[in-house]
Undergrad: 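The structure under discussion is supplied below as C-alpha cells; questions concerning it will follow.
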Amino acid sequence: MSENKNAYPVNLLDTPFPMRGDLPKREPGWVRQWNDEGLYQRLRDARRGAPLFVLHDGPPYANGQIHMGHAVNKVLKDMIVKSRQLAGFDAQYIPGWDCHGLPIENAIEKKHGRHLSRDDMQAKSRAYATEQIDQQRNDFKRLGILGDWERPYLTMAPANEAGEIRAFKRVIERGFVYRGLKPVYWCFDCGSSLAEFEIEYADKQSDTLDVAFETDDAARLAAAFGLPALPAGKTGFAVIWTTTAWTIPANQALNAHPELVYALVDTPKGCLVLAESLVEKCLERFGLEGTVIATAQGERLGGLNFRHPLYDADAGYRRLSPVFLAEYVSDSDGTGLVHSSPAYGLDDFNSCIANGFTVDTILNPVQGNGVYAADFPLFGGQHIWKAVPVIIAALKAAGRLMSTVGITHSYPHCWRHKTPVIYRAAAQWFVRMDEGEGVFTKDKAPKTLRQLALDAIDHTGFYPENGRARLRDMIANRPDWCISRQRSWGVPIPFFLHKATGELHPRTMEILDQAADIVEKGGIEAWSRVTAEEILGAADAPHYDKSSDILEVWFDSGSTFSHVLRGSHAHAYPNGAFHSQGPEADLYLEGHDQHRGWFHSSLLLGCALFDRAPYRGLLTHGFTVDSQGRKMSKSLGNGIDPQEVTKKLGAEIIRLWVAASDYSGDIAGDDKILARVVDAYRRIRNTLRFLLANLSDFDAAKDALPLGELLEIDRWALARTAQFQAEVTAHYDRYEFHPVVAKLQVFCSEDLGAFYLDVLKDRLYTSAPASRARRSAQTALHHIAHAMLRWMAPFMSFTAEEAWPILAGAKNQGSIFFETWADLPPAEEGLLAKWARICEIRDLANKEIEAVRTQGAVGSSLQALLTITAPADDAALLRSLGDDLRFVTITSAARVIDGDALAIAVTPATAAKCERCWHYRDDVGHDAAHPTLCGRCTSNLFGAGESRSVA
C-alpha cells in the first residue's frame with residue numbers, strides 16, 4: 001500500500017517480481033536449483049500412475065559445441081514434454097547421444113594420425129565422446145531443458161551396444177539380412193560405404209565425353225541394320241556419352257534399350273550407332289556431317305560385341321564389350337547407348353549380373369581411397385579425379401574421343417565431408433527391401449520390408465502433414481540398405497566367414513548371443529579383443545576370418561527404440577508403456593532432413609523387428625536461417641551462437657524465439673529478430689507483473705469470492721480466460737506453438753491491457769482494500785494469473801518458475817511443472833457475446849474522445865462526459881451497466897439516450913477533479929474535512945464504501 005502526494009492512500013501495491021528479468025544472471029540459479037533438488041525425478045514421482053507420454057529423443061551426435069539448430073530442436077522437444085506434463089501426463093524425456101561413427105574417428109585421426117590400432121582408436125573415441133557429451137549436456141541444461149540428464153541413453157553404453165546386436169540378430173531371423181557384392185555409395189574421405197541417408201546433392205564440375213567403341217564384327221553390325229555390309233572402307237562404332245570419365249577404363253559392356261530406334265550414321269569418322277532421335281544433336285556435338293543409312297530396333301543390337309576404346313593402347317584393355325538390352329537406357333540425352341562399368345553403377349551391375357556376369361568377373365580397380373590399383377594398365381596408382389585428364393588424353397590419342405566439354409551438374413556428395421562420392425562395388429551386408437530369403441530365417445516377416453514400411457506410414461501422424469508424402473516417396477524408391485562399414489568405432493557385426501567359401505559359421509546365431517553378452521559386460525572393446533579360437537574353438541578357428549565390419553550409425557540410432565525404450569531405460573516406464581501391438585513412442589521430433597535419416601532408419605528397423613513403425617507421430621522442423629533465408633553456417637559468418645545469446649539476453653529469449661517461430665518452415669534469426677523477441681518478452685512480463693502486484697495482499701483461501709458473487713465484468717474476464725485456455729490447449733495438443741505466443745501477446749495487450757485491466761485499475765486502486773468490489777477483481781486476476789503462468793510455462797519456463805512461488809504462496813511445491821492446466825469455470829457464452837458488443841461501442845467512444853483530445857478540449861478520458869445515442873438493443877445493453885458504464889468507458893460520466901442510430905457525443909467536464917481518483921465530480925469538496933475528495937473516495941476511505949455491480 002502506498003499513498004499519493006496528498007496522503008490519501010490508494011492501493012498501489014508492490015511485488016518481489018521485478019520489472020527487469022535480468023535473465024543472463026538469474027537463469028543459472030534456476031538451472032542449479034532444478035538440478036540440486038532433482039526436479040525431474042520429483043516430477044516423475046508426482047506423475048506416477050498417470051497416462052504416459054513418450055517423446056523419444058533423436059540423439060544428437062557427440063561432437064562439437066551445440067549450435068542454434070540443436071537449440072531449436074531441444075527447445076521444441078522441451079515445450080512438448082512440458083505441455084504434456086501440464087496436460088496431466090507422465091511426460092518422460094530421456095535425452096540421448098549418438099556416439100559411434102566417422103566424425104569422431106576423423107577427429108581422433110586429425111589429432112593422433114591415421115594409423116592407430118583398433119583398440120587405440122576405440123579407447124580414444126570413447127574418451128572423446130564422453131568429453132563432448134559433458135559439454136553438450138551443460139549447454140542443453142542451460143537452455144532450461146528438463147530431462148533425465150543424470151541417466152541419458154548413450155549408443156556407446158555397453159547395454160545399448162549389446163541391445164543393438166540383439167536387434168540385429170532379430171532382423172536376421174526375420175529374413176532381411178544378406179551379404180552381396182553391389183555398388184554402394186563410397187566416400188574416399190570416410191574410407192567406407194555410405195547409406196542413402198548420408199548422401200546429399202551439390203553441384204560438381206565434370207567433363208562429358210562421347211566415346212566410340214569399334215565393332216569387333218563389321219558384318220554382324222551391318223546385318224543387325226539389315227545391310228549386306230558397311231560402306232566400303234568404313235568400320236562401325238557404338239558411341240556412348242558419360243560424365244564419369246574415370247569409369248571408362250573399367251568398361252565391360254554396353255546397354256541399348258530394346259524398343260528405341262537406332263540409326264547407323266555414315267560419317268567421315270566411320271559408321272556411328274546412335275539413337276535415331278539424337279542423331280542431329282550428336283553430329284553437331286561431334287562437329288561432323290553424316291547421313292543415316294539404316295535404322296534398327298534396339299533389340300536387334302543385343303549380343304553385338306564392340307572393342308574397349310583403349311583396345312589398341314594397351315594389352316590390358318584387349319577385351320570386348322557386349323551389348324545388353326536394358327530398360328533403364330533412354331534417349332533423353334547423350335547418344336541413347338550407355339556404357340557399363342558394373343562395379344560403379346547399380347543399373348550397370350544389375351544388367352551385367354542378369355546377363356551372366358559373376359562377382360569374380362566384375363572389374364573393380366578403384367580402391368577404397370579412390371586410387372586405381374597399382375597394376376591397373378595405364379592409370380595404376382593414380383587417383384580417379386586426377387586421372388580424368390590422363391584418360392581423356394589416352395582416348396584422344398587412341399582416336400576414340402568424339403567430343404568432350406565441361407559441365408556443372410548435380411552430383412552425390414558425402415553428407416559429412418561435402419566431397420563427391422562414387423558408386424563402388426564392395427562386399428557388404430544389406431537389409432533387403434523386397435522379396436528374398438536369409439540363411440538363418442526362422443520367423444519370416446509377413447510382407448516385404450518395403451510393404452511393411454509403406455503400410456506403417458499410413459498409420460503415422462505427420463506434423464506437418466506434407467512429411468508423409470516425402471517419407472513415402474523415399475521408402476517406395478529406395479534400394480536395399482547397406483548396413484556395414486569398414487571402420488573401428490562402432491558396434492561390431494560379429495560374424496565369422498569361411499576363408500574358402502565366404503559362408504557364415506553355422507553357429508552364427510549362437511555367436512550373436514555370445515557377442516551381445518560379451519559386449520554388455522565390456523563394451524565393443526571386449527569383442528575386439530576376442531579371438532576366433534575363443535569363440536569357435538581350435539578346430540574351426542583356422543578356417544574362418546573374424547569380420548572387422550561395424551554396423552553403420554543409422555542402425556545404432558534407428559534401433560534405439562528397441563534397446564533403449566525396451567532395454568536400458570525400461571525402468572522409466574513403470575506402467576508398461578509398450579505392448580506387442582503398439583508403437584514404442586508417441587512422437588519423434590527432428591529436422592526435416594531426418595526423413596532420410598533417423599525417421600527413415602527407425603521406420604525400417606521398427607518394421608523389420610515388429611512389423612510397425614516405432615512411433616505414432618513424426619514432427620519435423622526447418623533449419624535455422626538468417627533474415628535473408630540463408631542457412632546459418634560458420635563459413636558465411638551468419639550464425640547465432642546459442643551460448644553468446646544466452647550470456648547476452650538469456651536462454652528465455654531463445655526459447656521464446658523458437659516458440660514464436662513457425663517451425664514447419666525454416667526458422668529465421670538474427671540480432672534484429674531477437675530484439676523483437678525481447679520486446680515481446682517485456683510485454684508479457686509487464687502484464688504478469690501487474691497481475692502479481694495487484695494480488696500481493698490477496699489470500700485466495702480467505703479472500704476469493706465464489707463465481708456468483710463476482711462483478712459482471714470479472715465473470716466476463718474469467719469466461720474470456722476459459723475460452724482462451726481452450727484455444728491454447730488445443731494448439732498445444734497439435735504441437736502448435738507460434739499461435740500460442742501470438743495469441744498470448746494479443747491477450748495481454750488487448751483483452752487485458754487495453755480493456756480489462758484498463759477498466760479495472762480504478763476499482764483496484766480506489767476501492768476499499770477488503771471490499772467486495774476489489775476482492776471480486778482480485779479473484780478474477782488470481783484465476784487469470786494462474787492460467788497465464790501455465791500457458792507460458794512450456795516456453796517461458798524460467799519466468800514462469802520465477803513467478804510461481806510468488807503466486808502460489810503456501811501451495812508452492814517448488815515448481816510450476818507439478819501443476820496442470822488451470823481449473824476455470826466454463827465460459828459463459830452469453831457474457832462473451834454481450835461484452836464483445838460493449839467493447840465495440842467502447843472502441844467507438846475512445847475514437848471520439850481522442851478526436852476531442854486532439855482539438856485540446858479535454859486532457860485524459862476522465863475529463864470527458866459521454867452521451868451515447870443508441871438503438872433499442874444497444875441502449876438496453878448499455879443501460880444494463882447502470883452507473884458503471886462510466887467506469888467501462890473510463891469517463892467521469894456517461895449517459896444513454898434512445899435513437900435510431902449509434903452516435904457518441906463528447907463534452908468536457910466542468911466539475912472539479914478529485915485528487916485521489918482523478919474523476920471530475922460535482923460532489924468534490926462535499927466533506928469539509930476532505931475538500932479535495934469526491935463522495936466516492938470519502939466513502940471508500942472513511943465510510944461504508946461505494947457499491948459496484950458491473951465494473
Side-chain angles (χ1 to χ4, degrees), residues 54-56 58 73 76 80 167 171 174-177 182 184-185 194-201 327-328 346-347 350 410 412 415 430-436 444-483 552-555 557-562 581-623 662-666 734-736:
V54 179
L55 187 155
H56 184 41
N73 181 268
L76 284 172
I80 288 175
V171 178
R174 305 203 77 213
F176 292 118
V177 176
K182 274 190 174 183
V184 294
Y185 285 119
L194 302 182
E196 288 278 328
F197 324 127
E198 299 169 300
I199 296 301
E200 63 184 14
Y201 283 81
E327 298 287 338
Y328 74 88
L346 197 55
D347 289 328
N350 292 336
S410 182
W415 192 359
F430 295 87
V431 169
R432 178 184 290 110
M433 293 299 297
D434 299 305
E435 288 293 346
K444 186 170 174 58
K447 298 180 180 179
T448 69
L449 187 53
R450 194 183 310 278
Q451 290 167 333
L452 289 169
L454 291 173
D455 289 347
I457 289 171
D458 291 338
H459 295 92
T460 299
F462 284 81
Y463 311 90
E465 175 61 29
N466 60 15
R468 186 186 308 277
R470 184 175 184 185
L471 184 55
R472 171 173 279 280
D473 288 346
M474 289 180 176
I475 294 296
N477 298 302
R478 67 152 295 125
D480 290 349
W481 177 12
C482 178
I483 57 171
E552 69 138 344
V553 291
W554 291 112
F555 201 105
S557 57
S559 61
T560 53
F561 67 88
S562 174
Q581 301 304 314
E584 319 309 294
D586 292 280
L587 191 68
Y588 278 28
L589 183 164
E590 298 301 328
H592 55 61
D593 57 335
Q594 294 305 314
H595 285 115
R596 64 186 174 102
W598 189 53
F599 295 161
H600 196 123
S601 62
S602 298
L603 174 63
L604 294 183
L605 287 173
C607 292
L609 293 171
F610 303 120
D611 303 334
R612 62 179 184 269
Y615 38 68
R616 292 184 179 87
L618 288 179
L619 187 151
T620 51
H621 61 81
F623 294 133
D662 182 356
Y663 63 74
S664 64
D666 287 340
R734 296 190 296 268
Y735 311 127
E736 297 169 351

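The structure displayed is predicted, hence computed values, not measured ones.
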Undergrad: Before giving the answer on side chain to side chain contact (heavy atoms under 4.5 Å, CB included), spell out for T460 and Y615 the whole-Å C-alpha distance, their side-chain angles and the decisive distance to 0.1 Å.
TA: CA-CA 7 Å; T460 299; Y615 38 68; 3.9 Å; yes
Undergrad: Would a 4.5 Å heavy-atom cut-off, applied to side chains only, mark I457 and F462 as touching?
TA: yes
Undergrad: Identify which one of R450, K447, R612, R472 satisfies the salt bridge (Lys or Arg N to Asp or Glu O under 4.0 Å) criterion when paired with D455.
TA: K447
Undergrad: For the atom pair CD (E465) and CG (L618), what is the distance rounded to the nearest 0.5 Å?
TA: 11.0 Å
Undergrad: How would you list, by chain and number, every residue that makes a ring pair (Phe, Tyr, Trp, His ring centres under 6.0 Å) with Y663, sequence neighbours excluded?
TA: none
Undergrad: Less than 3.5 Å apart, any donor N or O on the side chain of H56 or T560 sitting next to an acceptor on the other?
TA: yes
Undergrad: Give, for atom CZ of F599 and atom CE of M474, the distance between the pair rounded to the nearest 0.5 Å.
TA: 11.0 Å
Undergrad: Closest heavy-atom contact between T620 and P464?
TA: OG1-CD, 3.5 Å
Undergrad: Would you check if E200 and D593 make a side-chain contact, meaning some heavy-atom pair closer than 4.5 Å?
TA: no
Undergrad: Would you say Y328 and N350 make side-chain contact, with heavy atoms under 4.5 Å?
TA: no
Undergrad: Side chain of W598, backbone of S557: donor and acceptor closer than 3.5 Å?
TA: yes
Undergrad: Rounded to the nearest 0.5 Å, what separation is found between the CD1 atom of I475 and the CG atom of L604?
TA: 4.5 Å
Undergrad: Within the distance-only criterion (no hydrogens, no angle test), does the side chain of R432 pair as donor or acceptor with the backbone N or O of G175 below 3.5 angstrom?
TA: yes
Undergrad: May I ask you to decide if F430's main-chain N or O and D480's side chain share a donor-acceptor pair within less than 3.5 Å?
TA: no
Undergrad: Please list, chain by chain and in numerical order, all residues satisfying ring pair (Phe, Tyr, Trp, His ring centres under 6.0 Å) with Y735, sequence neighbours excluded.
TA: Y463
Undergrad: What heavy-atom pair brings A476 and L454 nearest, and what distance separates the two atoms?
TA: N-CD2, 4.2 Å
Undergrad: Taking the side chain as C-beta and beyond, is there a heavy-atom pair between L346 and P479 under 4.5 Å?
TA: yes
Undergrad: For the residue pair F610 and F561, does the interplanar ring angle fall in the parallel (under 30°), tilted (30 to 60°) or perpendicular (over 60°) class?
TA: perpendicular
Undergrad: Between H600 and L471, does the side chain to side chain contact (heavy atoms under 4.5 Å, CB included) criterion hold? Intermediate values first, please.
TA: CA-CA 7 Å; H600 196 123; L471 184 55; 4.2 Å; yes
Undergrad: Do E552 and W481 have side chains that approach each other closer than 4.5 Å (heavy atoms only, starting at C-beta)?
TA: yes
Undergrad: Considering non-hydrogen atoms only, spot the tightest contact between W554 and G597 and give its length.
TA: CZ3-C, 3.5 Å
Undergrad: For L452 versus P446, what's the shortest heavy-atom pair and its separation?
TA: CD2-CG, 4.4 Å
Undergrad: Any non-hydrogen side-chain atom of S601 less than 4.5 Å from a side-chain atom of F555?
TA: no
Undergrad: Side chains of R478 and R596: closer than 4.5 Å at any heavy-atom pair?
TA: no
Undergrad: When rounded to the nearest 0.5 angstrom, what is the spacing between CG in L619 and CG in L587?
TA: 5.5 Å
Undergrad: Check the pair L605 / V431 against side chain to side chain contact (heavy atoms under 4.5 Å, CB included), numbers first and verdict last.
TA: CA-CA 9 Å; L605 287 173; V431 169; 5.6 Å; no
Undergrad: Please give me the minimum heavy-atom distance between C607 and A456, naming the atom from each residue.
TA: SG-CB, 3.9 Å
Undergrad: Taking C-beta and beyond as the side chain, do L55 and D586 meet within less than 4.5 Å on heavy atoms?
TA: no
Undergrad: Ignoring hydrogens and angles, tell me if any N or O in the side chain of E590 forms a donor-acceptor pair with the backbone of G58 under 3.5 Å.
TA: yes
Undergrad: Could you check whether any side-chain N or O of T448 sits under 3.5 Å from a backbone N or O of Q451, counting only pairs where one atom can act as donor and the other as acceptor?
TA: yes
Undergrad: Of all the heavy-atom pairs spanning R470 and H592, show the shortest one and how long it is.
TA: NH1-O, 3.2 Å
Undergrad: What distance do R174 atom CZ and L449 atom CG have between them, rounded to the nearest 0.5 Å?
TA: 9.5 Å
Undergrad: Within this structure, what is the CZ-CG distance for the pair R468 and N466, rounded to the nearest 0.5 Å?
TA: 10.5 Å
